[in-house]
Protein chains: 2
Amino acid sequence: MDHEPSYKKRKVITIGVVSELTGLTERQIRYYEQRKLIFPERPERGNRKYSFSDVERLIEIANKREEGVRTHEIRQEIMKKNKEEEERKIKKQMLRGQINARFGIQND
Amino acid sequence: MDHEPSYKKRKVITIGVVSELTGLTERQIRYYEQRKLIFPERPERGNRKYSFSDVERLIEIANKREEGVRTHEIRQEIMKKNKEEEERKIKKQMLRGQINARFGIQND
DNA sequence: CGTGTAAGGAATTCTGACACG
DNA sequence: CGTGTAAGGAATTCTGACACG
């Protein structure tokens, strides 16, 4: 049923590597977290861990920032995208539910 | 033409995380490198970096070791697999070459 | 052979703060 | 607001070695 947790989403990359991958300074990366643009894994008393997905988001953020977009606005765009994503998923589930209701459960 | 460098092959994971992911100690992981079972990225004066692919290989190694297989034999198995893999790729390329030779290059 | 451990040092990461604009 | 930097400490990683079996 589930897709495997997938390489893209696993939070395994340390901030130094993320910095290399994105071209952002660690300072910037931590700041974007503080502004709630990015959500690394934060084990108690442990170092931040990022996923490839996070890296891609950071690259998008970097591009937006170059265009002069404020972190505040970037956050709103991200929230909007997430919301749309959520809605798409829910619709998909509902459709599946309909189908199951009519054809899925066959007790003969 | 190329597949993207792909999340699976990018060497971005530090040894501590690999240890968590595989259940192996750092000592073991370094030792398997010494025995040439695994090849992390080793930047000059930098820390080892592993890929998800490496993590999977380490898990296989761990399983073999539990069965009592020696590192020496595991290396041979790995080399054999790699060789087969290589041959498959070459055959594929040759086939492609044949096809191109007959149908691919059309100068009218 | 495969792995544990203590040792000492180097590089990494963390937080909170001051700075500039 | 967004980012740089120096500061001090904590956690991570590295290597070479001794140990056991």
Side-chain angles (χ1 to χ4, degrees), chain A residues 10-79, chain B residues 10-79:
Chain A
R10 295 294 287 282
K11 308 245 180 192
V12 296
I13 313 177
T14 51
I15 197 165
V17 177
V18 172
S19 174
E20 287 173 19
L21 255 29
T22 60
L24 295 166
T25 64
E26 298 183 10
R27 178 68 166 100
Q28 288 173 309
I29 298 169
R30 293 196 193 99
Y31 180 66
Y32 298 152
E33 175 183 355
Q34 181 188 329
R35 299 311 309 279
K36 304 206 184 302
L37 302 185
I38 191 83
F39 306 92
E41 199 171 283
R42 304 279 341 243
E44 316 275 330
R45 315 201 76 252
N47 297 349
R48 275 167 263 249
K49 308 276 180 48
Y50 302 81
S51 65
F52 281 112
S53 197
D54 292 330
V55 169
E56 290 181 6
R57 173 176 288 192
L58 281 166
I59 290 170
E60 284 182 39
I61 292 169
N63 290 147
K64 294 269 173 57
R65 283 291 305 129
E66 277 181 35
E67 295 169 22
V69 185
R70 310 295 212 77
T71 58
H72 167 256
E73 305 171 273
I74 298 175
R75 178 171 50 231
Q76 292 181 331
E77 292 177 29
I78 289 173
M79 307 275 274
Chain B
R10 295 295 287 282
K11 309 245 181 193
V12 297
I13 314 179
T14 52
I15 196 165
V17 177
V18 172
S19 175
E20 288 173 18
L21 256 29
T22 60
L24 295 166
T25 64
E26 298 183 10
R27 179 67 165 101
Q28 289 173 308
I29 297 167
R30 292 195 194 100
Y31 180 67
Y32 298 152
E33 174 183 356
Q34 181 188 329
R35 300 312 309 278
K36 305 208 183 300
L37 302 185
I38 191 84
F39 306 91
E41 199 171 284
R42 306 276 344 241
E44 317 276 331
R45 314 200 78 251
N47 297 350
R48 275 168 260 251
K49 307 276 179 51
Y50 301 82
S51 66
F52 280 112
S53 196
D54 292 330
V55 169
E56 290 180 8
R57 173 176 289 193
L58 282 166
I59 290 170
E60 285 182 38
I61 292 169
N63 291 146
K64 294 269 173 58
R65 282 292 305 128
E66 278 181 35
E67 295 168 22
V69 185
R70 310 295 212 75
T71 58
H72 166 257
E73 304 171 272
I74 298 174
R75 176 171 52 229
Q76 292 181 330
E77 292 178 29
I78 289 173
M79 307 275 275

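The sequence lines fix the lettering, A, B, ..., with proteins before strands; numbering per chain opens at 1.
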Whole angstrom value for the distance that separates P of C:dC14 from CD of A:Glu44 | 15 Å

Using a cut-off of strictly less than 4.0 Å, decide whether A:Arg30 has a side-chain nitrogen or oxygen near OP1 or OP2 of C:dG16.
-> no

Round to the nearest Å and state the distance from A:Ile29 atom CD1 to C:dT15 atom P.
-> 14 Å

B:Arg45 or B:Gln28: which one's nearest nucleotide on DNA chain C is closer to the 5' end?
-> B:Gln28

When Watson-Crick pairs (N1 to N3 and N6-O4 or O6-N4) and G-U wobble pairs (N1-O2 and O6-N3) count only below 3.5 Å on both distances, what is the dot-bracket string of DNA chain D, with | for other-strand pairs?
-> .||||.||.|.|.||.||||.

From CD of A:Glu33 across to C1' of C:dT15 the rounded distance in Å is 12 Å

Rounded distance (Å) that lies between atom C1' of C:dA11 and atom CD1 of A:Ile15 = 15 Å

Sugar-phosphate only, base, or nothing, as touched by B:Arg48 at under 4.0 Å among non-hydrogen atoms | sugar-phosphate

Mind checking whether B:Glu60 and B:Ile74 have side chains closer than 4.5 Å, heavy atoms only?
-> no

Would you indicate whether the side-chain heavy atoms of B:Arg57 and B:Tyr50 approach each other to under 4.5 Å?
-> no

A:Arg65 side chain N/O closer than 4.0 Å to the phosphate oxygens (OP1, OP2) of D:dT3?
-> yes

Closest approach of B:Ser51 to B:Ile13 (non-hydrogen atoms, all atoms of both residues) = C-CD1, 4.1 Å

Contact under 4.0 Å: A:Tyr31 side-chain N or O vs D:dG2 OP1/OP2 = yes

Assess whether atom CZ of A:Arg70 is packed by more than 12 heavy atoms of other residues, nucleotides or ligands within 6.0 Å.
-> no

With respect to the phosphate group of C:dT3, does any side-chain polar atom (N or O) of B:Tyr32 fall under 4.0 Å of OP1 or OP2?
-> yes

Ignoring backbone atoms, establish whether A:Thr25 has a side-chain N or O less than 4.0 Å from OP1 or OP2 of D:dT3.
-> no

Begin with the C-alpha distance, continue with both residues' side-chain angles, and end with the deciding distance and a verdict on side chain to side chain contact (heavy atoms under 4.5 Å, CB included) for B:Ile61 and B:Leu58.
-> CA-CA 5 Å; B:Ile61 292 169; B:Leu58 282 166; 4.2 Å; yes

Starting at atom CD1 of A:Ile61, determine the distance to atom P of D:dG2, rounded to an integer number of angstrom.
-> 12 Å

Got A:Val69 and A:Glu77 here, is their nearest side-chain heavy-atom distance under 4.5 Å?
-> yes

Do B:Arg42 and B:Phe39 come within less than 4.5 Å of each other through their side chains, counting heavy atoms only?
-> no

With the side chain defined as heavy atoms from C-beta on, B:Arg27 is closest, among D:dG2, C:dC14, D:dC18, to D:dC18

B:Thr14 side chain N/O closer than 4.0 Å to the phosphate oxygens (OP1, OP2) of D:dT12?
-> no

Mind calculating the distance between CG (B:Asn47) and P (D:dA11) to the nearest angstrom?
-> 17 Å

In whole angstrom, what separates A:Glu26's CD from C:dG16's C1'?
-> 16 Å

Choose from D:dG4, C:dT3, C:dG2 the nucleotide whose nearest atom is closest to any side-chain atom of B:Arg70.
-> C:dG2

What distance separates A:Leu24 CG from A:Arg65 CZ, expressed to the nearest 0.5 Å?
-> 10.5 Å

Which whole-number value in Å describes the distance from A:Gln34 CD to C:dC14 P?
-> 14 Å

